[in-house]
Amino acid sequence: SSRLYVDGKYLLTHYHQHSVQHVYAAGYDKEKHELILKAVNVADTPYTVHYILENAETEGEGHAITLSSANLTDENSFDTPDLIQPTESTFHVDEGVVDYTLAPHSLTILRIKARPTLTATACGAIGDGKTICTQAIQHGIDSLAAMGGGRLRLTSGTYLTGLIKMESNVELWLDKDATLLGSTDPRDYEKTLSTSKRGDEDVHLGLIVAEGARNISLRGKGTIDGQGLALALAIDSLHHIGERPDPYYNYRRMRPSSRPKLFFLNNSDGILIEGLTLRNSAGWGLSIDRSKNIEISHVTVYNRAYWNNDGIDLNDCTNAEVHHCNIDAADDGICLKSDDHELGCEDIWIHDNRITSSASAVKMGTASYGGFRRVRIQNIFVYDTFRSAVALETVDGGLMEDIEVDGIEAVNTGNPIFVCLGGRHLRPMPDNTAAGHDKENVNRHNVARNITIRNVKAQVPFGRPDEAYDLRGP
(Lines give C-alpha, C1' and ligand atoms only; values in the text may rest on other atoms or scores of the structure.)
Protein backbone atom coordinates (compact mmCIF):
# COMPACT_ATOMS: atom_id res chain seq x y z
CA SER A 1 0.00 0.00 0.00
CA SER A 2 1.01 3.64 -0.39
CA ARG A 3 -0.24 6.90 1.05
CA LEU A 4 -1.25 10.01 -0.85
CA TYR A 5 -0.80 13.55 0.45
CA VAL A 6 -2.46 16.63 -1.00
CA ASP A 7 -1.36 20.06 0.23
CA GLY A 8 0.55 18.30 2.95
CA LYS A 9 -2.50 16.46 4.28
CA TYR A 10 -2.81 12.69 4.23
CA LEU A 11 -5.96 11.90 2.24
CA LEU A 12 -6.01 8.29 1.10
CA THR A 13 -4.34 4.91 0.97
CA HIS A 14 -3.88 3.03 -2.31
CA TYR A 15 -3.52 -0.74 -2.29
CA HIS A 16 -1.77 -2.45 -5.21
CA GLN A 17 -0.56 -6.00 -5.91
CA HIS A 18 2.31 -5.71 -8.39
CA SER A 19 4.56 -3.09 -9.89
CA VAL A 20 3.28 -2.80 -13.46
CA GLN A 21 0.38 -0.65 -12.29
CA HIS A 22 1.15 2.94 -11.34
CA VAL A 23 -1.07 5.33 -9.41
CA TYR A 24 -0.06 8.88 -8.59
CA ALA A 25 -1.76 12.11 -7.61
CA ALA A 26 -2.40 14.93 -10.04
CA GLY A 27 -3.66 17.25 -7.31
CA TYR A 28 -6.72 18.69 -5.66
CA ASP A 29 -9.19 21.03 -7.35
CA LYS A 30 -10.11 23.56 -4.66
CA GLU A 31 -12.86 25.14 -6.74
CA LYS A 32 -14.73 21.89 -7.37
CA HIS A 33 -13.59 20.08 -4.19
CA GLU A 34 -12.34 17.18 -6.29
CA LEU A 35 -9.37 14.91 -5.76
CA ILE A 36 -7.72 14.27 -9.14
CA LEU A 37 -5.79 11.04 -9.65
CA LYS A 38 -4.06 9.48 -12.64
CA ALA A 39 -4.09 5.70 -12.80
CA VAL A 40 -1.99 3.83 -15.38
CA ASN A 41 -2.38 0.14 -16.31
CA VAL A 42 0.40 -1.11 -18.63
CA ALA A 43 -0.65 -4.78 -18.45
CA ASP A 44 -2.59 -6.86 -21.00
CA THR A 45 -5.39 -7.55 -18.53
CA PRO A 46 -7.79 -5.31 -16.59
CA TYR A 47 -6.76 -4.28 -13.11
CA THR A 48 -8.82 -2.95 -10.20
CA VAL A 49 -7.37 -0.19 -8.07
CA HIS A 50 -8.56 0.14 -4.50
CA TYR A 51 -8.52 3.44 -2.66
CA ILE A 52 -9.50 4.23 0.91
CA LEU A 53 -10.08 7.92 1.59
CA GLU A 54 -9.38 8.38 5.27
CA ASN A 55 -9.23 12.12 5.89
CA ALA A 56 -11.79 13.36 3.43
CA GLU A 57 -15.55 13.77 3.34
CA THR A 58 -16.67 12.11 0.09
CA GLU A 59 -19.85 12.50 -1.90
CA GLY A 60 -21.32 9.42 -3.54
CA GLU A 61 -20.07 9.51 -7.10
CA GLY A 62 -16.89 10.11 -9.09
CA HIS A 63 -16.10 10.76 -12.73
CA ALA A 64 -13.49 9.04 -14.91
CA ILE A 65 -11.96 9.69 -18.36
CA THR A 66 -10.00 6.79 -19.88
CA LEU A 67 -7.48 6.97 -22.74
CA SER A 68 -6.09 3.73 -24.24
CA SER A 69 -3.11 2.81 -26.40
CA ALA A 70 -1.61 -0.54 -27.37
CA ASN A 71 1.83 1.08 -27.16
CA LEU A 72 1.45 1.99 -23.50
CA THR A 73 4.14 -0.03 -21.72
CA ASP A 74 4.96 2.29 -18.86
CA GLU A 75 3.49 5.46 -17.37
CA ASN A 76 5.75 7.71 -19.44
CA SER A 77 5.33 6.10 -22.90
CA PHE A 78 1.86 7.15 -23.98
CA ASP A 79 1.95 7.24 -27.81
CA THR A 80 -0.68 9.79 -28.84
CA PRO A 81 -1.09 8.67 -32.53
CA ASP A 82 -2.45 5.32 -31.35
CA LEU A 83 -4.97 6.72 -28.87
CA ILE A 84 -8.54 5.62 -29.18
CA GLN A 85 -11.39 7.99 -28.45
CA PRO A 86 -11.53 8.90 -24.74
CA THR A 87 -14.35 7.21 -22.82
CA GLU A 88 -16.16 8.71 -19.86
CA SER A 89 -17.75 6.86 -16.96
CA THR A 90 -18.88 7.32 -13.38
CA PHE A 91 -18.12 5.24 -10.32
CA HIS A 92 -19.49 4.97 -6.80
CA VAL A 93 -17.75 6.10 -3.64
CA ASP A 94 -19.02 4.06 -0.69
CA GLU A 95 -17.99 5.49 2.71
CA GLY A 96 -14.66 6.63 1.38
CA VAL A 97 -13.87 3.42 -0.54
CA VAL A 98 -13.24 3.52 -4.30
CA ASP A 99 -12.79 0.44 -6.49
CA TYR A 100 -12.18 1.18 -10.15
CA THR A 101 -11.22 -1.26 -12.92
CA LEU A 102 -8.53 0.01 -15.29
CA ALA A 103 -8.63 -1.13 -18.93
CA PRO A 104 -5.47 -2.74 -20.37
CA HIS A 105 -2.85 -0.27 -21.62
CA SER A 106 -4.80 2.74 -20.43
CA LEU A 107 -4.43 6.00 -18.62
CA THR A 108 -7.45 6.95 -16.51
CA ILE A 109 -8.04 10.30 -14.87
CA LEU A 110 -10.27 9.95 -11.82
CA ARG A 111 -12.06 12.89 -10.24
CA ILE A 112 -13.44 12.13 -6.78
CA LYS A 113 -15.69 14.53 -4.92
CA ALA A 114 -13.81 14.94 -1.66
CA ARG A 115 -13.61 17.63 0.97
CA PRO A 116 -10.72 17.32 3.39
CA THR A 117 -11.60 16.44 6.99
CA LEU A 118 -9.57 17.30 10.05
CA THR A 119 -10.25 16.33 13.64
CA ALA A 120 -9.89 18.93 16.33
CA THR A 121 -7.61 16.61 18.29
CA ALA A 122 -5.28 16.30 15.27
CA CYS A 123 -5.02 20.09 15.37
CA GLY A 124 -3.98 20.03 19.01
CA ALA A 125 -7.31 20.33 20.84
CA ILE A 126 -7.68 18.40 24.09
CA GLY A 127 -11.25 17.40 24.92
CA ASP A 128 -10.92 17.31 28.70
CA GLY A 129 -13.21 20.29 29.43
CA LYS A 130 -10.35 22.16 31.13
CA THR A 131 -7.74 22.93 28.46
CA ILE A 132 -8.54 26.00 26.37
CA CYS A 133 -8.77 24.87 22.72
CA THR A 134 -9.47 28.15 20.93
CA GLN A 135 -6.22 28.33 18.97
CA ALA A 136 -6.27 24.64 17.99
CA ILE A 137 -9.85 24.76 16.70
CA GLN A 138 -9.25 28.04 14.88
CA HIS A 139 -6.11 26.57 13.31
CA GLY A 140 -8.18 23.66 11.97
CA ILE A 141 -10.78 25.99 10.46
CA ASP A 142 -8.13 28.23 8.91
CA SER A 143 -6.22 25.24 7.49
CA LEU A 144 -9.35 23.87 5.82
CA ALA A 145 -10.21 27.29 4.42
CA ALA A 146 -6.73 27.47 2.89
CA MET A 147 -7.43 24.15 1.12
CA GLY A 148 -10.69 25.46 -0.32
CA GLY A 149 -12.88 24.13 2.47
CA GLY A 150 -13.70 20.96 4.33
CA ARG A 151 -14.93 19.57 7.64
CA LEU A 152 -13.52 20.12 11.11
CA ARG A 153 -14.75 17.26 13.27
CA LEU A 154 -15.06 17.29 17.03
CA THR A 155 -14.94 13.73 18.26
CA SER A 156 -16.05 12.54 21.71
CA GLY A 157 -14.95 14.94 24.43
CA THR A 158 -15.55 18.40 25.89
CA TYR A 159 -13.66 21.22 24.17
CA LEU A 160 -13.34 24.46 26.13
CA THR A 161 -13.01 27.48 23.86
CA GLY A 162 -13.42 31.19 23.42
CA LEU A 163 -14.51 32.96 20.24
CA ILE A 164 -14.24 30.82 17.09
CA LYS A 165 -14.50 32.40 13.64
CA MET A 166 -15.96 30.37 10.79
CA GLU A 167 -14.47 30.71 7.31
CA SER A 168 -15.97 30.13 3.86
CA ASN A 169 -16.65 26.55 2.72
CA VAL A 170 -15.89 25.10 6.15
CA GLU A 171 -18.16 22.84 8.17
CA LEU A 172 -17.91 22.43 11.94
CA TRP A 173 -19.16 18.93 12.80
CA LEU A 174 -19.81 17.62 16.33
CA ASP A 175 -20.08 13.90 17.02
CA LYS A 176 -22.84 12.70 19.36
CA ASP A 177 -20.67 12.75 22.48
CA ALA A 178 -18.82 15.95 21.60
CA THR A 179 -19.44 19.23 23.45
CA LEU A 180 -18.09 22.63 22.49
CA LEU A 181 -18.01 24.46 25.84
CA GLY A 182 -17.85 28.23 25.96
CA SER A 183 -15.27 29.79 28.26
CA THR A 184 -16.55 31.75 31.27
CA ASP A 185 -13.66 34.23 30.97
CA PRO A 186 -14.83 37.38 29.10
CA ARG A 187 -11.25 37.90 27.88
CA ASP A 188 -11.66 34.89 25.60
CA TYR A 189 -14.19 36.74 23.42
CA GLU A 190 -12.41 39.30 21.28
CA LYS A 191 -14.38 41.78 19.19
CA THR A 192 -14.76 41.25 15.46
CA LEU A 193 -15.50 43.80 12.78
CA SER A 194 -19.14 43.93 11.77
CA THR A 195 -21.36 45.72 9.28
CA SER A 196 -24.34 45.44 11.63
CA LYS A 197 -26.27 48.65 12.21
CA ARG A 198 -27.20 47.91 15.81
CA GLY A 199 -25.43 50.23 18.22
CA ASP A 200 -27.27 49.72 21.51
CA GLU A 201 -25.23 46.67 22.49
CA ASP A 202 -22.01 44.94 21.55
CA VAL A 203 -23.31 42.79 18.73
CA HIS A 204 -19.82 41.74 17.67
CA LEU A 205 -19.43 39.15 20.44
CA GLY A 206 -20.20 35.48 20.08
CA LEU A 207 -18.89 32.03 20.83
CA ILE A 208 -19.05 31.21 17.10
CA VAL A 209 -18.90 34.13 14.68
CA ALA A 210 -18.70 34.69 10.94
CA GLU A 211 -18.22 37.86 8.89
CA GLY A 212 -18.64 37.84 5.12
CA ALA A 213 -18.42 34.04 4.93
CA ARG A 214 -19.83 31.86 2.16
CA ASN A 215 -21.19 28.31 2.44
CA ILE A 216 -20.62 27.58 6.11
CA SER A 217 -22.29 24.88 8.15
CA LEU A 218 -22.53 23.80 11.76
CA ARG A 219 -23.87 20.27 11.97
CA GLY A 220 -23.85 17.02 13.86
CA LYS A 221 -25.37 15.36 16.92
CA GLY A 222 -23.29 17.06 19.59
CA THR A 223 -23.81 20.02 21.93
CA ILE A 224 -22.66 23.64 22.00
CA ASP A 225 -22.94 25.06 25.55
CA GLY A 226 -22.16 28.73 26.19
CA GLN A 227 -22.13 28.51 30.02
CA GLY A 228 -24.05 31.76 29.81
CA LEU A 229 -24.94 32.41 33.43
CA ALA A 230 -21.36 32.11 34.70
CA LEU A 231 -20.09 34.18 31.77
CA ALA A 232 -22.70 36.94 32.25
CA LEU A 233 -21.97 37.18 35.98
CA ALA A 234 -18.24 37.42 35.26
CA ILE A 235 -18.88 40.26 32.79
CA ASP A 236 -21.06 42.00 35.37
CA SER A 237 -18.41 41.67 38.10
CA LEU A 238 -15.58 42.94 35.88
CA HIS A 239 -17.72 45.94 34.95
CA HIS A 240 -18.39 46.91 38.56
CA ILE A 241 -14.76 46.67 39.64
CA GLY A 242 -13.74 48.78 36.65
CA GLU A 243 -11.53 46.18 34.98
CA ARG A 244 -13.68 45.76 31.86
CA PRO A 245 -16.35 48.50 31.77
CA ASP A 246 -19.40 47.76 29.63
CA PRO A 247 -20.17 50.94 27.60
CA TYR A 248 -23.75 49.73 27.09
CA TYR A 249 -24.43 48.63 30.67
CA ASN A 250 -28.15 48.65 31.45
CA TYR A 251 -28.38 50.51 34.75
CA ARG A 252 -32.18 50.47 34.71
CA ARG A 253 -32.20 46.70 34.86
CA MET A 254 -28.73 46.37 36.40
CA ARG A 255 -27.32 43.91 33.91
CA PRO A 256 -24.53 43.99 31.30
CA SER A 257 -25.38 44.33 27.61
CA SER A 258 -22.00 43.26 26.15
CA ARG A 259 -22.65 39.57 26.49
CA PRO A 260 -21.53 37.06 23.84
CA LYS A 261 -24.24 35.35 21.89
CA LEU A 262 -23.92 31.67 21.15
CA PHE A 263 -23.69 32.37 17.37
CA PHE A 264 -23.23 35.73 15.67
CA LEU A 265 -23.12 35.23 11.90
CA ASN A 266 -23.09 38.42 9.87
CA ASN A 267 -23.16 39.39 6.18
CA SER A 268 -22.85 35.79 5.06
CA ASP A 269 -24.30 33.79 2.18
CA GLY A 270 -25.14 30.10 2.58
CA ILE A 271 -25.59 29.07 6.22
CA LEU A 272 -26.66 25.60 7.34
CA ILE A 273 -27.22 24.76 11.02
CA GLU A 274 -28.49 21.23 11.54
CA GLY A 275 -28.97 18.58 14.20
CA LEU A 276 -27.14 20.22 17.10
CA THR A 277 -28.19 20.87 20.69
CA LEU A 278 -27.49 24.52 21.55
CA ARG A 279 -27.55 25.62 25.18
CA ASN A 280 -26.99 28.40 27.65
CA SER A 281 -25.94 31.54 25.84
CA ALA A 282 -25.07 34.66 27.83
CA GLY A 283 -27.34 36.55 25.43
CA TRP A 284 -29.25 35.65 22.30
CA GLY A 285 -28.83 32.13 21.02
CA LEU A 286 -28.50 32.01 17.21
CA SER A 287 -28.10 35.56 15.93
CA ILE A 288 -27.84 35.94 12.14
CA ASP A 289 -27.57 39.42 10.61
CA ARG A 290 -27.72 40.74 7.04
CA SER A 291 -27.31 37.26 5.56
CA LYS A 292 -29.06 35.16 2.93
CA ASN A 293 -29.71 31.54 1.94
CA ILE A 294 -30.08 30.20 5.47
CA GLU A 295 -31.40 26.88 6.74
CA ILE A 296 -31.79 25.99 10.42
CA SER A 297 -33.06 22.45 10.78
CA HIS A 298 -33.67 19.88 13.53
CA VAL A 299 -31.83 21.80 16.22
CA THR A 300 -32.69 21.85 19.92
CA VAL A 301 -32.25 25.26 21.55
CA TYR A 302 -32.33 25.53 25.35
CA ASN A 303 -31.58 29.15 26.18
CA ARG A 304 -32.64 30.05 29.71
CA ALA A 305 -29.33 30.97 31.36
CA TYR A 306 -29.85 34.76 31.55
CA TRP A 307 -32.11 37.62 30.52
CA ASN A 308 -32.69 38.43 26.85
CA ASN A 309 -32.10 34.79 25.98
CA ASP A 310 -33.81 34.63 22.59
CA GLY A 311 -33.73 31.33 20.74
CA ILE A 312 -33.18 32.29 17.07
CA ASP A 313 -32.91 35.85 15.71
CA LEU A 314 -32.82 36.71 12.00
CA ASN A 315 -32.02 40.37 11.40
CA ASP A 316 -32.35 41.82 7.89
CA CYS A 317 -32.02 38.35 6.37
CA THR A 318 -33.25 36.99 3.04
CA ASN A 319 -34.30 33.51 1.92
CA ALA A 320 -34.26 31.67 5.24
CA GLU A 321 -35.98 28.51 6.44
CA VAL A 322 -36.31 27.45 10.10
CA HIS A 323 -37.95 24.09 10.54
CA HIS A 324 -38.33 21.06 12.82
CA CYS A 325 -36.65 22.80 15.74
CA ASN A 326 -37.39 22.46 19.46
CA ILE A 327 -36.89 25.79 21.23
CA ASP A 328 -37.06 26.66 24.95
CA ALA A 329 -36.13 30.33 25.43
CA ALA A 330 -36.29 32.84 28.28
CA ASP A 331 -37.09 35.55 25.71
CA ASP A 332 -38.56 35.31 22.19
CA GLY A 333 -38.35 31.88 20.58
CA ILE A 334 -37.91 32.79 16.89
CA CYS A 335 -37.63 36.51 16.18
CA LEU A 336 -37.34 38.46 12.94
CA LYS A 337 -35.79 41.92 13.24
CA SER A 338 -34.75 44.77 10.96
CA ASP A 339 -32.22 47.48 11.82
CA ASP A 340 -31.69 48.87 8.33
CA HIS A 341 -34.21 51.04 6.47
CA GLU A 342 -32.89 49.77 3.15
CA LEU A 343 -33.08 46.06 3.99
CA GLY A 344 -35.58 44.04 6.02
CA CYS A 345 -36.41 40.36 6.34
CA GLU A 346 -37.70 38.82 3.12
CA ASP A 347 -38.73 35.36 1.93
CA ILE A 348 -38.71 33.66 5.33
CA TRP A 349 -40.37 30.28 6.00
CA ILE A 350 -40.83 29.19 9.62
CA HIS A 351 -42.57 25.85 9.93
CA ASP A 352 -43.00 22.67 11.96
CA ASN A 353 -41.37 23.94 15.14
CA ARG A 354 -42.11 23.37 18.83
CA ILE A 355 -41.58 26.45 21.02
CA THR A 356 -41.89 27.53 24.64
CA SER A 357 -40.95 31.06 25.65
CA SER A 358 -41.11 33.54 28.50
CA ALA A 359 -41.89 36.18 25.87
CA SER A 360 -43.39 35.39 22.41
CA ALA A 361 -42.95 32.15 20.51
CA VAL A 362 -42.66 33.67 17.00
CA LYS A 363 -42.24 37.41 16.64
CA MET A 364 -41.59 40.11 14.07
CA GLY A 365 -39.99 43.17 15.68
CA THR A 366 -39.59 44.98 17.85
CA ALA A 367 -36.76 46.37 15.68
CA SER A 368 -38.56 46.97 12.39
CA TYR A 369 -36.86 49.71 10.39
CA GLY A 370 -36.84 47.92 7.03
CA GLY A 371 -39.79 45.68 7.80
CA PHE A 372 -40.86 42.17 6.84
CA ARG A 373 -42.00 40.87 3.48
CA ARG A 374 -43.14 37.46 2.23
CA VAL A 375 -43.03 35.58 5.53
CA ARG A 376 -44.78 32.25 6.12
CA ILE A 377 -45.34 30.89 9.65
CA GLN A 378 -46.86 27.42 9.49
CA ASN A 379 -47.52 24.42 11.73
CA ILE A 380 -46.14 25.74 15.01
CA PHE A 381 -46.85 24.15 18.41
CA VAL A 382 -46.55 26.65 21.27
CA TYR A 383 -46.77 25.83 24.98
CA ASP A 384 -46.11 27.49 28.38
CA THR A 385 -45.49 30.86 26.70
CA PHE A 386 -46.03 34.14 28.58
CA ARG A 387 -46.83 36.66 25.87
CA SER A 388 -48.06 35.66 22.41
CA ALA A 389 -47.95 32.58 20.23
CA VAL A 390 -47.37 34.90 17.24
CA ALA A 391 -46.56 38.63 17.47
CA LEU A 392 -46.52 40.80 14.33
CA GLU A 393 -45.05 44.23 15.10
CA THR A 394 -43.79 47.13 13.02
CA VAL A 395 -43.06 50.23 15.08
CA ASP A 396 -39.94 51.76 13.47
CA GLY A 397 -41.27 52.79 10.07
CA GLY A 398 -41.05 49.40 8.32
CA LEU A 399 -43.40 47.70 5.88
CA MET A 400 -45.02 44.43 6.98
CA GLU A 401 -46.44 42.83 3.84
CA ASP A 402 -47.51 39.43 2.49
CA ILE A 403 -47.52 37.60 5.82
CA GLU A 404 -49.16 34.19 6.22
CA VAL A 405 -49.85 32.59 9.60
CA ASP A 406 -51.39 29.13 9.28
CA GLY A 407 -51.70 26.17 11.61
CA ILE A 408 -50.86 27.47 15.10
CA GLU A 409 -51.65 25.40 18.18
CA ALA A 410 -50.98 27.12 21.50
CA VAL A 411 -51.40 25.54 24.94
CA ASN A 412 -51.02 27.46 28.21
CA THR A 413 -50.13 30.64 26.30
CA GLY A 414 -50.89 34.20 27.37
CA ASN A 415 -52.18 35.49 24.03
CA PRO A 416 -52.80 33.79 20.67
CA ILE A 417 -52.06 36.60 18.16
CA PHE A 418 -50.69 40.12 18.68
CA VAL A 419 -50.56 42.68 15.83
CA CYS A 420 -49.13 46.15 16.41
CA LEU A 421 -48.33 49.28 14.41
CA GLY A 422 -46.63 51.87 16.59
CA GLY A 423 -44.31 54.86 16.57
CA ARG A 424 -41.46 53.85 18.84
CA HIS A 425 -38.62 55.50 16.89
CA LEU A 426 -40.47 57.63 14.38
CA ARG A 427 -38.33 60.59 15.36
CA PRO A 428 -34.69 61.64 14.80
CA MET A 429 -32.21 59.11 16.13
CA PRO A 430 -29.29 60.15 18.37
CA ASP A 431 -26.14 61.15 16.52
CA ASN A 432 -24.50 57.73 16.44
CA THR A 433 -23.38 57.41 12.84
CA ALA A 434 -20.35 55.33 13.81
CA ALA A 435 -22.72 52.57 14.84
CA GLY A 436 -24.65 52.89 11.58
CA HIS A 437 -27.72 54.78 12.86
CA ASP A 438 -29.26 57.63 10.88
CA LYS A 439 -32.24 59.92 10.97
CA GLU A 440 -34.13 58.57 7.97
CA ASN A 441 -37.03 57.45 10.14
CA VAL A 442 -38.10 60.98 11.09
CA ASN A 443 -41.03 61.04 8.63
CA ARG A 444 -41.55 57.33 8.09
CA HIS A 445 -44.85 55.53 8.72
CA ASN A 446 -45.49 51.91 9.54
CA VAL A 447 -47.56 49.94 7.05
CA ALA A 448 -49.13 46.50 7.37
CA ARG A 449 -50.98 44.89 4.47
CA ASN A 450 -51.94 41.55 3.00
CA ILE A 451 -51.76 39.60 6.26
CA THR A 452 -53.51 36.23 6.44
CA ILE A 453 -54.14 34.41 9.74
CA ARG A 454 -55.98 31.10 9.80
CA ASN A 455 -56.24 27.78 11.63
CA VAL A 456 -55.25 29.06 15.06
CA LYS A 457 -56.18 27.07 18.15
CA ALA A 458 -55.25 28.42 21.59
CA GLN A 459 -55.78 27.74 25.29
CA VAL A 460 -55.23 30.86 27.44
CA PRO A 461 -54.69 30.29 31.19
CA PHE A 462 -55.66 32.49 34.17
CA GLY A 463 -52.13 32.60 35.64
CA ARG A 464 -48.58 33.08 34.32
CA PRO A 465 -47.77 30.42 31.72
CA ASP A 466 -44.02 30.81 32.36
CA GLU A 467 -44.20 30.31 36.12
CA ALA A 468 -41.41 27.71 36.08
CA TYR A 469 -38.81 29.92 34.36
CA ASP A 470 -35.70 30.83 36.31
CA LEU A 471 -35.42 34.24 34.61
CA ARG A 472 -38.63 35.50 33.11
CA GLY A 473 -38.88 37.51 29.93
CA PRO A 474 -36.46 40.17 28.74
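The structure presented is a predicted model; accordingly, all values stated were derived computationally and were not measured. The figures that follow rest on heavy atoms only: side chains count, while hydrogens, waters and symmetry mates do not.
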Can you name the side-chain contact (heavy atoms from CB on, under 4.5 Å) partners of [X], sequence neighbours left out?
| X | result |
| --- | --- |
| R111 | D29, K32, E34, I36 |
| R252 | N250 |
| P461 | N412, P465 |
| I141 | I137, Q138, L152, I164, M166, E167, V170 |

(message) My understanding is that only one of L207, D188, L231, T161 makes a side chain to side chain contact (heavy atoms under 4.5 Å, CB included) with S183; could you say which?
(response)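 Between S183 and the candidates, side chain to side chain contact (heavy atoms under 4.5 Å, CB included) is satisfied uniquely by D188.
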
Can you name the closest pair of heavy atoms from [X] and [Y] and give their distance?
| X | Y | value |
| --- | --- | --- |
| L399 | T394 | N-OG1, 4.4 Å |
| N266 | R290 | OD1-CD, 3.9 Å |
| A361 | A389 | CB-O, 3.3 Å |
| T385 | I355 | OG1-O, 4.0 Å |
| V447 | R449 | CG1-NH1, 4.1 Å |

(request) Taking the six-membered ring of F386 (Phe, Tyr or Trp), confirm whether the NZ or CZ of R464 is under 6.0 Å from its centre and within 45° of its axis. (result)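 So R464 does make the cation-pi contact.
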
Spatial distance of atom [atom1] ([X]) from atom [atom2] ([Y]) [nearest 0.5 Å]:
| X | Y | atom1 | atom2 | result |
| --- | --- | --- | --- | --- |
| I348 | T318 | CD1 | OG1 | 6.5 Å |
| L276 | T179 | CG | OG1 | 10.5 Å |
| I271 | S217 | CD1 | OG | 10.5 Å |
| S257 | N308 | OG | CG | 7.5 Å |
| E393 | L336 | CD | CG | 11.5 Å |

(request) In sequence, state the C-alpha distance, the side-chain angles, and the governing distance for I294 and C317, and then conclude on side chain to side chain contact (heavy atoms under 4.5 Å, CB included). (result) CA-CA 8 Å; I294 303 156; C317 289; 3.8 Å; yes

Taking only residues two or more places apart in sequence, or in another chain, which ones meet [X] in a ring pair (Phe, Tyr, Trp, His ring centres under 6.0 Å)?
| X | result |
| --- | --- |
| H298 | H323, H324 |
| H240 | Y249 |
| F91 | Y100 |

Would the distance check show the side chain of [X] and the main-chain N or O of [Y] forming a donor-acceptor pair, the cut-off being under 3.5 Å?
| X | Y | result |
| --- | --- | --- |
| N309 | A305 | yes |
| D340 | G370 | no |
| R259 | W307 | yes |
| D142 | H139 | no |
| T121 | T119 | no |
| S357 | A359 | yes |

(request) Using the side chain to side chain donor-acceptor pair (under 3.5 Å) rule, pick out the option among N293, D347, D269 that qualifies with N319. (result)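 Filter result, single survivor: N293.
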
Check: [Y] and [X] side chains under 4.5 Å, non-hydrogen atoms:
| X | Y | value |
| --- | --- | --- |
| S287 | K261 | yes |
| Y302 | N280 | yes |
| D313 | L286 | no |
| S338 | C345 | no |
| N315 | I288 | no |
| I296 | C325 | yes |
| D128 | Y159 | no |

(message) Under the salt bridge (charged side-chain N to carboxylate O under 4.0 Å, His left out) definition, can you give me all pairs with a residue in residues 450-463, not counting sequence neighbours?
(response)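 Those involving residues 450-463 are E404-R454, D406-R454.
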
[X]: partners by salt bridge (charged side-chain N to carboxylate O under 4.0 Å, His left out), with sequence neighbours left out:
| X | answer |
| --- | --- |
| D352 | none |
| D185 | R187 |
| E171 | R151, R219 |
| D177 | none |

(message) Under the salt bridge (charged side-chain N to carboxylate O under 4.0 Å, His left out) test against K363, which residue among D332, D331, D310 passes?
(response)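 The option that passes is D332.
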
(request) Before giving the answer on side chain to side chain contact (heavy atoms under 4.5 Å, CB included), spell out for F263 and L278 the whole-Å C-alpha distance, their side-chain angles and the decisive distance to 0.1 Å. (result) CA-CA 10 Å; F263 294 179; L278 308 171; 3.9 Å; yes

(request) May I ask you to decide whether D328 forms a salt bridge with R304, counting only side-chain N to carboxylate O separations under 4.0 Å? (result)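 Yes, charged N to carboxylate O under 4.0 Å.
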
(message) Testing the 3.5 Å rule here: is there a donor-acceptor pair between the side chains of S258 and D246?
(response)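 Yes, side-chain donor-acceptor contact under 3.5 Å.
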
(request) Carefully, step by step, assess L262 and I224 under the rule side chain to side chain contact (heavy atoms under 4.5 Å, CB included). (result) CA-CA 8 Å; L262 206 60; I224 299 177; 4.2 Å; yes

(request) Could you walk me through whether D402 and F372 pass side chain to side chain contact (heavy atoms under 4.5 Å, CB included), step by step? (result) CA-CA 8 Å; D402 296 330; F372 315 99; over 6 Å; no

(request) Under the side-chain hydrogen bond (donor to acceptor under 3.5 Å, both in side chains) rule, what do S281 and N303 come out as? Steps first, then yes or no, please. (result) CA-CA 6 Å; S281 174; N303 203 25; 4.5 Å; no

(request) List the steps and the verdict of salt bridge (charged side-chain N to carboxylate O under 4.0 Å, His left out) for D175 and R153. (result) CA-CA 7 Å; D175 284 357; R153 179 184 171 200; 2.8 Å; yes

